[in-house]
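Everything on this sheet refers to the single structure shown next.
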Amino acid sequence: MLVERVRKTIADWAAAEGWDDLPVCELERPAQEAHGDYATPFCMQMAKAARQPPRALAERLRERLLADPDLAQLVEKIDIAGPGFINFTLSGQAFSRAMEQLLAEGERIGAGAAKDHPRINLEFVSVNPNGPLHVGHGRYAAYGDALCRLLRFSGHDVATEFYINDFGRQMDRFGRSVAARYSQSYGVELPVPEDGYQGDYVKDVAAVVRQEAGDRWVAALTIAAEAVQAVATAAAEGDAVPAEGTEGLVDAVPVEDQEDEAGDEQEAAGGAEWPADPAVREAIAFFRARGCELMLEAMRTELRDFGVEFDIWFSETTLHVGGRLQAVIDRLLASGEAFREGDAVWLRTTSRGDDKDRVLIRSNGQPTYFAADIAYHEDKLERGFGHLINIWGADHHGYVPRMKAAVEILAGRPGVLEVIIGQLVNLLEEGELRQMSTRRGEMVTLAELIEAIGVDAARFFLVMRSQDQTLDLDIALARQQSQENPVYYVQYAHARIASILRNVPADLVASVGSGAEVFASPYEKALIKRLESFSSVVQDAAARRAPHRVAAYAQELAADFHVFYKHCRVLGVEPELASSRLALCQVTKRVIARCLDLLGVSAPESM
RNA sequence: GCGCCUGUAGCUCAGCUGGAUAGAGCAACGGACUUCUAAUCCGUGGGCCGCAGGUUCGAAUCCUGCCAGGCGCGCCA
């Protein structure tokens, strides 16, 4: 309200003086109370264009502002301070009018108007369905979901998507791991492959399969077990056993490297040591597919319990059937964006800023993950999304330039793909860094975190920091500190207001009075100013993809409310004051509830 | 070697498209419940904003260089 009138005055003035290229005037909340309710450094910024000293400009601007009768009513005084700041101290009436507006906005207070922007596809989590979600995935889930809510609330059309990496070697290893655990439950000695998944959850999956299928697959897997044992016996008699010293060394390198190297060696050695018997192959295919389904089901349930639901689940495997992938590559070859060199097919990503061209089809004829990703993103575009947002872990940031180049080629224009890199979660135990491995079943799962501190605290905790900040998580500390978690501070403010509302007498309704006593205290004024800034916080947080700003704002708002609550009674004071304060409570409750909702946290009526 | 992220109070971090004396929570210490929920409030102490230059009326914020930590740099996914 105030800022619009100030800008109008400035525009008129600039027109009269013939100044061009003036900056936009922004009002900000001064850190110091003595500097009024709002302030602007505008006169310092315009000094150059106007070729006059800032303080003189400030004096003249002040005159012009006060000449506007509407504006004069809103301010108690306008001061000029320091090198040329203009400080506004608002009148009582300004607060009443602001509150009237806020109250009238109702439940959708702070919401952005629907924007005429392209539909957004927001993809996140997208993990291999071969292990439980760990806290890193939880962070991306909490962040992505909060961002989705924020974008929607600020006026965008968003669909969320989970890309299921259900194709490739990792899933083969998983299928064989489940098959092994299944066999073991029948007494067949088939060990989990060395490059397989050792975690106990694999046993759970196997148990479900056993319940569904009975001993249907035991015969086939017995063939595999015998073959594996034969190989093991032969190896024991030979000299293929590695020296012990190397093992200690291998342990010192990062776990992820071990996984990858193990995988490559395995492949170099001709794939799985399991026999190529058709019955065995069929069994592996079955365990792989069914295991994947069961893991996905569990994941979906876990995410839903965490408050995260995806609009679309997209399976990578669907890209590899029906010549889908080949069709994309053929088109890229035809348009000259892709080319053959050696026995491989490459995409000329260097034409769009990447530092080298990338392989689509390997010389062995197999498509790369990148090729599938291109088909996938083309599919997104064909589904009508004009803007694609992907949330990736920091360990994938090297992949960004090629993917952006690919989408630029597909879409015919730059800027369609936006990649948000989320930094990783470091797990600490008693201050010591702890390594994680999905394969070995050593990790802190999202489920563990939730069990330790609950969904609300976990979600708040995971989004309260900027996504490009590495998060240190000590689960013992988190458990111990959950009582001090700021989420309860915010929720408590909400519950307190709910309690007031329950005690409101029948004849008292929320409405903004105009008397001089209304909103006279600094506590009420501070709260109203905070509430007024909510819509800009929403817009800002959405534009910057920064839901943590909502978390920070919620804490500030709760603090303003708790102080207000301490100093100002709502019930049992004179009627005009009571109904005005009731209005203030109601708006505060709406905004707190909205903030918590944007973060995926519940807003309790009582605690 | 190259690229991305980070470096702010004892700890965890906000603030980063430049504004006045740099903030919050936790931890430490001292206070406040006969009144709408004390999971609250009030107060005290605590800082070469990694370092050095530069731009500017003004720099935690922008630019350059350096130092430190994390993550990447494959015809892996």
Side-chain angles (χ1 to χ4, degrees), chain A residues 26 28 30-32 34-35 39-42 44-45 47-48 53-54 81-85 87 128 165 167-171 254 259-261 263-264 267 316 341-346 355-356 358-370 372-373 393-401 421-424 426 431 461 464-472 474 477 481 483-493 495-504 543-544 548-549 551-553 555-556 558-559 561-573 578 581-582 585 606-607:
Chain A
E26 301 287 354
E28 49 200 45
Q32 299 228 8
H35 296 149
T40 181
F42 180 74
M44 279 110 80
Q45 292 162 352
K48 220 166 217 167
F85 288 97
N87 297 332
N128 295 327
N165 291 133
F167 190 86
R169 270 206 320 270
Q170 295 283 353
M171 287 312 295
E259 281 189 37
D260 287 354
E261 280 167 22
D264 283 0
E267 195 180 48
E316 181 186 351
E341 190 177 295
D343 295 324
V345 176
W346 303 68
D355 51 13
K356 49 184 140 175
R358 306 291 174 172
V359 172
L360 296 174
I361 307 279
R362 291 179 261 169
S363 37
N364 67 6
Q366 291 297 306
T368 58
Y369 181 85
F370 181 48
D373 232 0
D395 51 346
H396 287 90
H397 76 258
Y399 194 69
V400 174
I421 294 300
Q423 293 299 315
L424 305 171
N426 284 331
F461 184 80
M464 66 193 261
R465 303 305 185 198
S466 160
Q467 77 286 352
D468 45 35
Q469 186 79 239
T470 306
L471 200 63
D472 285 340
D474 186 324
L477 203 63
Q481 287 183 348
Q483 289 306 85
E484 313 298 333
N485 198 305
V487 70
Y488 299 116
Y489 181 84
V490 177
Q491 288 181 320
Y492 185 56
R496 272 183 146 178
I497 299 173
S499 175
I500 293 174
L501 298 186
R502 280 193 294 273
N503 293 322
V504 168
R544 293 173 188 243
H548 74 277
R549 287 177 181 241
Y553 173 82
Q555 291 175 74
E556 290 163 354
F561 175 77
H562 284 307
V563 174
F564 159 79
Y565 182 91
K566 177 74 180 175
H567 293 95
C568 304
R569 276 199 65 83
V570 177
L571 306 179
V573 296
R581 286 178 176 172
L582 188 59
C585 286
S606 66
M607 289 175 73

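Letters A, B, ... are given to chains in the order of the sequence lines, protein chains preceding strands, and every chain is numbered from 1. For clarity, every value in this text was computed on a predicted model and none was experimentally measured.
Remark: P of G74(B) and CZ of Arg358(A) are 7 Å apart, rounded to the nearest angstrom. Straight-line distance from the CD atom of Gln32(A) to the P atom of G23(B): 8 Å, rounded to whole Å. Taking atom OH of Tyr492(A) as the reference point, atom C1' of C36(B) lies 11 Å away to the nearest angstrom. Between the CG atom of Asn485(A) and the P atom of C13(B) there is a distance of 14 Å, given to the nearest Å. Atoms CD (Gln467(A)) and C1' (A14(B)) sit 13 Å apart, rounded to a whole Å. With rounding to whole Å, Arg169(A) atom CZ is found 12 Å from G74(B) atom C1'. At whole-Å resolution of the value, NE2 in His397(A) and C1' in C4(B) are 4 Å apart.
For A77(B), one of the phosphate oxygens OP1 or OP2 lies less than 4.0 angstrom from a side-chain nitrogen or oxygen of Arg362(A). Between Tyr369(A) and A77(B) there is no side-chain polar atom (N or O) within less than 4.0 angstrom of OP1 or OP2. Listed pair Gln469(A) / A14(B) meets the phosphate criterion, a side-chain N or O lying under 4.0 Å from OP1 or OP2. In this model, the phosphate group of C42(B) is not approached by any side-chain N or O of Tyr565(A) to a distance below 4.0 Å at OP1 or OP2. Phosphate contact (OP1/OP2 of C33(B), side-chain N/O of Lys566(A), threshold under 4.0 Å): absent. Within the structure, a side-chain polar atom (N or O) of Arg549(A) is placed less than 4.0 Å from OP1 or OP2 of C16(B). Between His35(A) and U21(B) there is no side-chain polar atom (N or O) within less than 4.0 angstrom of OP1 or OP2.
Annotation: U61(B) and G15(B) have their C1' atoms spaced 9 Å apart (nearest Å). Between G7(B) and G54(B), the distance separating the two P atoms is 24 Å to the nearest Å. Separation of the C1' atoms belonging to G46(B) and G23(B) is 13 Å when rounded to the nearest angstrom. Across the C1' atoms, G53(B) and G69(B) are found 24 Å apart, a figure rounded to whole Å. Rounded to whole Å, the separation between the P atoms of C66(B) and G1(B) comes to 10 Å. Rounded to whole Å, the C1' atom of C16(B) lies 14 Å from the corresponding atom of C5(B). Between A22(B) and A9(B), the two P atoms lie 14 Å apart (nearest whole Å). Here, U6(B) and G43(B) have their P atoms 34 Å apart, quoted to the whole Å.
A donor-acceptor contact under 3.5 Å is not formed by the side chain of Asp373(A) with the base of A77(B). In terms of polar N and O atoms assigned as donor or acceptor, the side chain of Thr368(A) never comes within less than 3.5 Å of the base of C75(B) in a complementary pairing. Contact of Arg496(A) with U40(B) (side chain to base): no donor-acceptor pair of N or O atoms is detected under 3.5 Å.
Residue contacts shown for His548(A) are limited to sugar-phosphate atoms, with no base heavy atom under 4.0 Å away. Residue Ala81(A) is in base contact, counting any heavy-atom pair closer than 4.0 Å across all strands shown. Contact annotation for Ala39(A): base contact, defined as any heavy-atom pair under 4.0 Å involving a base atom. Within 4.0 Å (heavy atoms only), Thr470(A) reaches sugar-phosphate atoms of the nucleic acid but no base atom. At a threshold of 4.0 angstrom between heavy atoms, the contacts of Arg544(A) include nucleobase atoms, whether or not backbone atoms are also involved. Among the protein residues, Tyr399(A) comes within range of the nucleic acid bases, having at least one heavy atom under 4.0 Å from a base atom. Counting any heavy atom pair closer than 4.0 Å across all strands shown, Ala495(A) reaches a base atom. At the heavy-atom level, Ser466(A) lies under 4.0 Å from the strands shown only through sugar-phosphate atoms. Within the nucleic acid shown, Leu424(A) comes within 4.0 Å of sugar-phosphate atoms alone, with no base atom in reach, counting heavy atoms only. Using a 4.0 Å heavy-atom criterion, one finds that Val570(A) contacts the bases of the nucleic acid, with or without backbone contacts as well. Residue Gln45(A) is classed as a base contact, given a heavy-atom separation below 4.0 Å to a base. Looking at heavy-atom distances under 4.0 Å, Pro41(A) makes contact with a base. Across all strands, Gln491(A) comes closer than 4.0 Å to no nucleic acid atom at all (heavy-atom distances).
Base pairing annotation: U64(B) forms a Watson-Crick or G-U wobble pair with A52(B), both donor-acceptor distances under 3.5 Å. Pair check for G1(B) finds C73(B); Watson-Crick or G-U wobble, both atom distances under 3.5 Å. Pairing partner, C11(B): G25(B), with both Watson-Crick or wobble hydrogen-bond distances short of 3.5 Å. The partner of G46(B), taking Watson-Crick or G-U wobble pairs whose two distances both stay under 3.5 Å, does not exist in any strand shown. Across all strands shown, nothing is found opposite U17(B) as a Watson-Crick or G-U wobble partner with both distances under 3.5 Å. Summarising the base pairing, G58(B) is matched to no nucleotide, lacking a Watson-Crick or G-U wobble pair whose two defining distances lie under 3.5 Å. As the counterpart of A32(B), U40(B) is assigned, both hydrogen-bonding distances of the Watson-Crick or G-U wobble pattern falling under 3.5 Å.
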Given the rule in the side chain to side chain contact (heavy atoms under 4.5 Å, CB included) test, do Asn364(A) and Asp343(A) qualify, once you have shown the distances and angles that lead to the verdict? CA-CA 8 Å; Asn364(A) 67 6; Asp343(A) 295 324; over 6 Å; no
Can you list the steps and then say if Met44(A) with Phe85(A) is a side chain to side chain contact (heavy atoms under 4.5 Å, CB included)? CA-CA 7 Å; Met44(A) 279 110 80; Phe85(A) 288 97; 3.5 Å; yes
Which is it for Gln170(A) and Asn165(A) under the side chain to side chain contact (heavy atoms under 4.5 Å, CB included) test, yes or no, and what are the steps along the way? CA-CA 9 Å; Gln170(A) 295 283 353; Asn165(A) 291 133; over 6 Å; no
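The stacking criteria are not both satisfied for Tyr489(A) over the base of A39(B), which would need a centre-to-centre distance under 5.5 angstrom and an angle between ring planes under 30 degrees. Judged by ring centres under 5.5 Å apart and planes tilted less than 30 degrees, His396(A) stacks against the six-membered base ring of A77(B).
Of the two residues contacting RNA chain B, namely Gln423(A) and Tyr488(A), the nearest-nucleotide position lying further toward the 5' end is that of Gln423(A). Comparing Ile361(A) and Cys568(A) along RNA chain B, the residue whose closest nucleotide (by nearest heavy atom) sits nearer the 5' end is Cys568(A).
Within the model, atoms CZ of Arg358(A) and NZ of Lys356(A) stand 5.5 Å from one another, a figure rounded to the nearest 0.5 Å.
Nearest heavy atoms, Ile421(A) versus Ala394(A): CG2-CA, 3.6 Å. When all heavy atoms of Val504(A) and Leu571(A) are compared, the pair lying nearest together is CG2-CD2, 4.0 Å. The minimum heavy-atom distance between Ala559(A) and Tyr489(A), with the atom names listed, is CA-OH, 3.0 Å.
Side-chain atoms of His35(A) never come within 3.5 Å of backbone atoms of Ala31(A) as a donor-acceptor pair (strictly under, hydrogens ignored).
Comparing A39(B), C75(B), C13(B) by their nearest atom to the side chain of Met607(A) picks out A39(B).
Between Tyr399(A) and Tyr369(A), the angle of the ring planes lies from 30° to 60°, which puts this pair in the tilted group.
In this structure, Arg496(A) fails the cation-pi test against Phe561(A), since its NZ or CZ atom is not both closer than 6.0 Å to the six-membered ring centre and inside 45 degrees of the ring normal.
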